[in-house]
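Shown next, in structure tokens, is the structure this report addresses.
Whatever order the structure lists them in is the order used to number ligands and atoms, beginning at 1. If you're wondering where the values come from, they're calculated on a predicted model, not measured in any experiment.
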Amino acid sequence: MSANTIEDNRSRFNFDGVEAIWLFGYGSLIYKVDFPFLEQRPASIQGWARRFWQGSHDHRGTPEAPGRVVTLVEQPEAVCRGMAYRVSPKVFEYLDVREKNGYLRFSTAMTFDDGCQAEGLVYIATEDNQAFLGEAPDADIARQIALATGPSGPNADYLLRLADSLRQLGDDCAHTFALEACLLKSGLLTES
Ligand code: SIN
């Protein structure tokens with residue numbers, strides 16, 4: 001089921017007088033940067049863990065066979081590493097459409113590699129959204145990912161590209177790397 005959050009996000013923040021704002025990306029926003037930005041910096045946010053618990057009916061799956069993409073779940077000791085972009089508020093007109101299947105914009109503090117901090121926004125799909133799928137055994141999640149494909153391409157590409165990007169960022173996201181390993185040994189990947 002899809003969960004269109006475009007209108008919710010548009011009424012969430014008043015960008016009047018704001019020239020630029022930081023956006024923290026932890027999933028496809030790390031590697032699919034199809035929006036303009038003023039500055040880009042690796043960053044981390046505290047208290048959130050990346051999980052493939054969100055359904056994708058519009059990008060990496062279909063309403064009949066949803067894929068799985070990442071969201072963040074609260075975990076006090078967790079640190080989520082990703083990429084921060086300083087963007088014009090206009091960029092959210094596009095990103096709210098891209099992230100419309102259940103993601104809402106939340107304020108967050110982020111820490112850059114030099115220890116400096118900034119406030120910004122992050123898209124999170126909370127467990128009360130209609131497209132939320134939740135926890136499942138790694139093998140089941142990997143199988144669902146292997147079999148799903150949507151308008152943005154195979155769900156497997158999303159997982160493999162994210163894993164590569166996290167490696168480049170020096171991240172050790174055990175959840176993502178465990179799913180990548182399951183996917184690669186599943187025997188379900190087709191040559192593309
Ligand atoms: C993000 O990348 O920050 C949000 C989730 C996604 O679009 O994959």
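- Evaluated for a salt bridge (charged side-chain N to carboxylate O under 4.0 Å, His left out) with Arg86, the options Glu39, Glu19, Glu119 yield exactly one hit, Glu39.
- Arg12 forms a cation-pi arrangement with Phe106, by the criterion of a distance under 6.0 Å to the ring centre and an angle within 45° of the ring axis.
- Under the 4.5 Å side-chain contact rule for hydrophobic residues, Ile21 and Val33 share a cluster.
- Phe13 does not carry Arg105 over the face of its six-membered ring by the limits of under 6.0 Å from the centre and within 45° of the normal.
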Filter the ligand 1-protein atom pairs down to N or O on both sides and distance under 3.5 Å, then list them.
{"residue": "ligand 1", "atom": "2 (O)", "partner": "Gly27", "partner atom": "N", "Å": "2.8"}
{"residue": "ligand 1", "atom": "2 (O)", "partner": "Ser28", "partner atom": "N", "Å": "3.1"}
{"residue": "ligand 1", "atom": "2 (O)", "partner": "Leu29", "partner atom": "N", "Å": "2.9"}
{"residue": "ligand 1", "atom": "3 (O)", "partner": "Tyr26", "partner atom": "N", "Å": "3.0"}
{"residue": "ligand 1", "atom": "7 (O)", "partner": "Ser28", "partner atom": "OG", "Å": "2.9"}
{"residue": "ligand 1", "atom": "7 (O)", "partner": "Glu99", "partner atom": "OE1", "Å": "2.8"}
{"residue": "ligand 1", "atom": "7 (O)", "partner": "Glu99", "partner atom": "OE2", "Å": "3.0"}
{"residue": "ligand 1", "atom": "8 (O)", "partner": "Ser28", "partner atom": "N", "Å": "2.8"}
{"residue": "ligand 1", "atom": "8 (O)", "partner": "Ser28", "partner atom": "OG", "Å": "3.1"}
{"residue": "ligand 1", "atom": "8 (O)", "partner": "Tyr158", "partner atom": "OH", "Å": "2.5"}

Could you pull out all donor-acceptor pairs under 3.5 Å where a side-chain atom in residues 40-47 meets a protein atom, sequence neighbours excluded?
{"residue": "Arg41", "atom": "NH2", "partner": "Asp114", "partner atom": "OD1", "Å": "3.4"}
{"residue": "Arg41", "atom": "NH2", "partner": "Asp114", "partner atom": "OD2", "Å": "2.8"}
{"residue": "Gln46", "atom": "NE2", "partner": "Pro76", "partner atom": "O", "Å": "3.4"}

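- A salt bridge does not link Asp164 with Arg161: none of the charged nitrogens is closer than 4.0 Å to a carboxylate oxygen.
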